[in-house]
Trainee: 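Pasting in a structure now, in structure tokens, and then I'll have a few things to ask.
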Amino acid sequence: MSNPSLELQIQTLPDSPGVYQYFDKEGKILYVGKAKNLKKRVSSYFNKIHDTAKTNVLVKKIVTIKHIVVPTETDALLLENNLIKTLQPRYNINLKDDKSYPWICIKKEPFSRIFSTRRMVKDGSEYFGPYTSFKTVNTILELIKELYPLRTCNFDLSDSNIASGKFKVCLEYHIGNCKGPCEGYESLDEYQKQVNAIREILKGNFKDSLKDFKKLMMQLAQDMHFEEAQKIKEKIEVLENYQSRSTIVNPKITNVDVFSIISDESAAYVNFLQISHGSIIRSHTMEIKKKLSETDEELLELAIVELRERFHLLSKEVIVPFEIDLGEKVKVTVPQLGDKKQILDLSVRNAKFYRIEQMKQLQIVDPDRHTNRIMAQMKKDLHLPVEPRHIECFDNSNIQGTNPVSACVVFKDGKPSKKDYRHFNIKTVEGPNDFASMEEVVYRRYKRLLDEKEPLPQLIIIDGGKGQLSSALKSLDDLGLRGKISIIGIAKRLEELFYPEDPVPLYLDKKSETLKVIQQLRNEAHRFGITHHRDKRSKAALNSSIESIPGIGEKTMLALIQHFKSVKRLKLATEKEISEVVGVSKAKKITDFYRTSAS
């Protein structure tokens, strides 16, 4: 370390949990982080070269280090989250969400109104949420309206106002949506029982409401009030239908929050499910743009702290995909089997679908950013020194050992560059020898690029296993390109990726974008090679067929090959069609020859 002042600051840091802050020479904050051990964590930034350029740039800019010691790691996590939101350092991920989410409010007043709002007023009213969409809020409010007749007016229904006859019932009373508390037709106790039942539904507990409705339905039926009993039965069906859409496998799982994370090179996606009384009562997915080389553990910890604060979550247990530290007050569960694992898998699936949706939108709205993300992902997945902006893939075709050819297809920025595709007729190899053919075409391709001073690819893909890869490597050695261009082989059977001098193949996730690009390259090379092979075989067959016709010379033969392309088309052609190409006399000789040979 070249800065003595910085070295001294690090040496004097305590071995305690806390939060550290990095500042540049102008006193601007660069980064905020938490640590179990401040001295060890901060030292790790300065005693090695980091994998990402951004982290190395950050370290070079640090001039001043400040720290805050806290009693526990939990305190460090909470303080880090607050400082990031308050100070918004340049190199920290930003968990801020500008959306204002809707709530359901139970107003603190006589005969409480229940309505949706985006504003929380601290007047003692109860707020449930926030919900991630108004659609969910409206569905719940419609359910409540069908189950319980509540007032919608904003009158001050104090005892004195009701007693004085200040208000008159409105249309809502006459159509059965309200029981008329404004004129004293409904007592406060009866009304409050409904509000209490609604409060439980908003918490996800449907059991008590169902039990009360069923009890009332049976009582009405016994008293011969069948119409009223039928209405209550319909309410039960509405409630059961709503409950069935959100019930999980095991209704015993209650008051648990589930978090999962899916990430790539540039961003992470954290999904959150809130479980109450066996039902999912809330789901939300947030995207986090990466700033440095943050791990999934670091990102998930920060996201959980932020989401618990934003959604006012008080559950004592969280379900997550791997061990993280959220302090002593929260139980962290990493399920391997059973119902909790099923819920975690559901959360992961939600995160994956959200990511796919975002990627599709990005591809349409910002194709350059989409390309940059895929290139960065390929560099990481394939352990390459640079992004593979220019990739070339080779495939050999020698069906039934005849007319061996090879194809080279070129992808630039992850897309086919068809003007750069090349065919190769094998010149130095006799018979079907894939290894020798591969060696020849790779040598010819890159010898030409070197001679013409054309740009070389960052990655070569060989369609084949270890044998074809070794053959291609011989050519790169002969040209002095070994180590200058990355090269891998892909085997067809299990999609194994082979690297030079590495006996163990690499297996990519079957759904990964990197493997999809490689498969597209391989399939395109195969298609391009087969097309050329088919054309060459047809011409060879046509050539040999025409050569055996008496009185037909080389010039005539070339004209026929050029026009008819295949033996089949020449045989099916009429004498008049052939005469238009080579004249009447020669056309007669050709049709007579094929007629005689056919008989």
Trainee: Start with the C-alpha gap between D24 and I62, add the side-chain angles, then the distance that decides, and say whether side-chain contact (heavy atoms from CB on, under 4.5 Å) holds.
Mentor: CA-CA 5 Å; D24 65 12; I62 298 167; over 6 Å; no
Trainee: Between K447 and D478, does any NZ, NE, NH1 or NH2 come within less than 4.0 Å of an OD or OE carboxylate oxygen?
Mentor: no
Trainee: Does a side-chain N-to-carboxylate-O contact under 4.0 Å join D345 and R349?
Mentor: no
Trainee: Can you tell me how far CD of Q468 sits from CG of L473, rounded to the nearest 0.5 angstrom?
Mentor: 12.0 Å
Trainee: Apply ring-ring contact (aromatic ring centres under 6.0 Å, His included) to F411 and list each qualifying residue two or more places apart in sequence or on a separate chain.
Mentor: none
Trainee: Taking only residues two or more places apart in sequence, or in another chain, which ones meet F272 in a ring-ring contact (aromatic ring centres under 6.0 Å, His included)?
Mentor: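 Residues passing ring-ring contact (aromatic ring centres under 6.0 Å, His included) with F272: F259, F311.
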Trainee: For the pair F46 and Y22, name the ring-plane relationship: parallel under 30°, tilted 30 to 60°, perpendicular over 60°.
Mentor: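 Because their plane-to-plane angle is over 60°, the rings of F46 and Y22 count as perpendicular.
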Trainee: Measure across K25 and V63 and return the closest heavy-atom pair with its distance rounded to 0.1 Å.
Mentor: N-CG2, 3.5 Å
Trainee: Output, in order, the C-alpha distance, side-chain angles, deciding distance and verdict of side-chain contact (heavy atoms from CB on, under 4.5 Å) for V348 and N271.
Mentor: CA-CA 7 Å; V348 170; N271 175 261; over 6 Å; no
Trainee: Distance-only, no hydrogens or angles: does the S260 side chain make a donor-acceptor pair with backbone N or O of S347 under 3.5 Å?
Mentor: yes
Trainee: Could E392 and R522 be called an ion pair, given the rule that one side-chain N must be under 4.0 Å from one carboxylate O?
Mentor: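 No.
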Trainee: What's the verdict on side-chain contact (heavy atoms from CB on, under 4.5 Å) for T371 and M375, showing C-alpha distance, side-chain angles and the deciding distance?
Mentor: CA-CA 6 Å; T371 299; M375 290 296 104; 4.3 Å; yes
Trainee: If you round to the nearest 0.5 Å, how far is CG of L382 from CG of L508?
Mentor: 6.0 Å
Trainee: For K108, is there an ion pair with E126 - N to carboxylate O distance below 4.0 angstrom?
Mentor: no
Trainee: Tell me, yes or no, whether the heavy-atom count around F322 atom CZ, taken from other residues, nucleotides or ligands under 6.0 Å, exceeds 12.
Mentor: yes
Trainee: How far does CD1 of I104 sit from CG of L141, to the nearest 0.5 angstrom?
Mentor: 4.5 Å
Trainee: Tell me whether K34 is salt-bridged to E301, with the criterion being a basic N under 4.0 Å from an acidic carboxylate O.
Mentor: yes
Trainee: Would you compute the distance between atom OG of S315 and atom CG of D257 and round it to the nearest 0.5 angstrom?
Mentor: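 S315 OG to D257 CG: 3.0 Å, rounded to 0.5 Å.
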Trainee: Would you confirm whether D502, through its side chain, and F498, through its main-chain N or O, come within 3.5 Å as a donor-acceptor pair?
Mentor: no
Trainee: Using a strict threshold of under 4.0 Å (side-chain N to carboxylate O), is an ion pair present between R373 and E513?
Mentor: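 A salt bridge is present here (some side-chain N lies under 4.0 Å from a carboxylate O).
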Trainee: When you check the gap from the basic side-chain N to the acidic O, do R355 and D264 get nearer than 4.0 Å?
Mentor: yes
Trainee: Where the side chain of Q21 meets the backbone of H67, is there a donor-acceptor pair that is under 3.5 Å apart?
Mentor: no
Trainee: Could you tell me whether the side chain of E294 and the main chain of L299 form a donor-acceptor pair under 3.5 Å?
Mentor: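 A pair under 3.5 Å: no.
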Trainee: Quick one: are K316 and K331 in side-chain contact, heavy atoms under 4.5 Å?
Mentor: no
Trainee: Could you measure the distance from the CG atom of D463 to the CD1 atom of I518? Nearest 0.5 Å is fine.
Mentor: 11.5 Å
Trainee: Please determine whether side chain to side chain donor-acceptor pair (under 3.5 Å) holds for the pair Y354 and E287, giving the CA-CA distance in whole Å, both sets of side-chain angles, and the decisive distance to 0.1 Å.
Mentor: CA-CA 9 Å; Y354 184 85; E287 179 180 357; 5.0 Å; no
Trainee: Under the side chain to side chain donor-acceptor pair (under 3.5 Å) rule, what do E317 and T333 come out as? Steps first, then yes or no, please.
Mentor: CA-CA 7 Å; E317 182 184 3; T333 302; 2.7 Å; yes
Trainee: Drop me the distance from S263's OG to Q377's CD, to the nearest 0.5 angstrom.
Mentor: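 Going from the OG atom of S263 to the CD atom of Q377 covers 8.0 Å.
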Trainee: Evaluate whether atom CZ of R482 has more than 12 neighbouring non-hydrogen atoms of other residues, nucleotides or ligands under 6.0 angstrom away.
Mentor: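 It does: R482 CZ has more than 12 such atoms within range.
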Trainee: Between R445 and E454 (salt bridge meaning N to carboxylate O under 4.0 Å), is one present in this structure?
Mentor: no
Trainee: I'd like to know if D15 pairs up with K39 as an ion pair, taking the criterion as any Lys NZ or Arg NE/NH1/NH2 lying under 4.0 Å from an Asp or Glu carboxylate oxygen.
Mentor: no
Trainee: Just wondering, are more than 12 heavy atoms of other shown residues or ligands nearer than 6.0 Å to NZ in K40?
Mentor: no
Trainee: Could you walk me through whether T117 and Y127 satisfy the side-chain contact (heavy atoms from CB on, under 4.5 Å) test, starting with their C-alpha distance in whole Å, then the side-chain angles of each, then the deciding distance to 0.1 Å, before giving a yes or no?
Mentor: CA-CA 9 Å; T117 179; Y127 291 87; 3.8 Å; yes
Trainee: May I ask you to say whether K107 pairs ionically with E109, meaning some side-chain N is under 4.0 Å from a carboxylate O?
Mentor: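 E109 and K107: not salt-bridged.
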Trainee: Considering residues, nucleotides and ligands other than K36, do more than 12 of their heavy atoms fall under 6.0 Å from its NZ?
Mentor: no
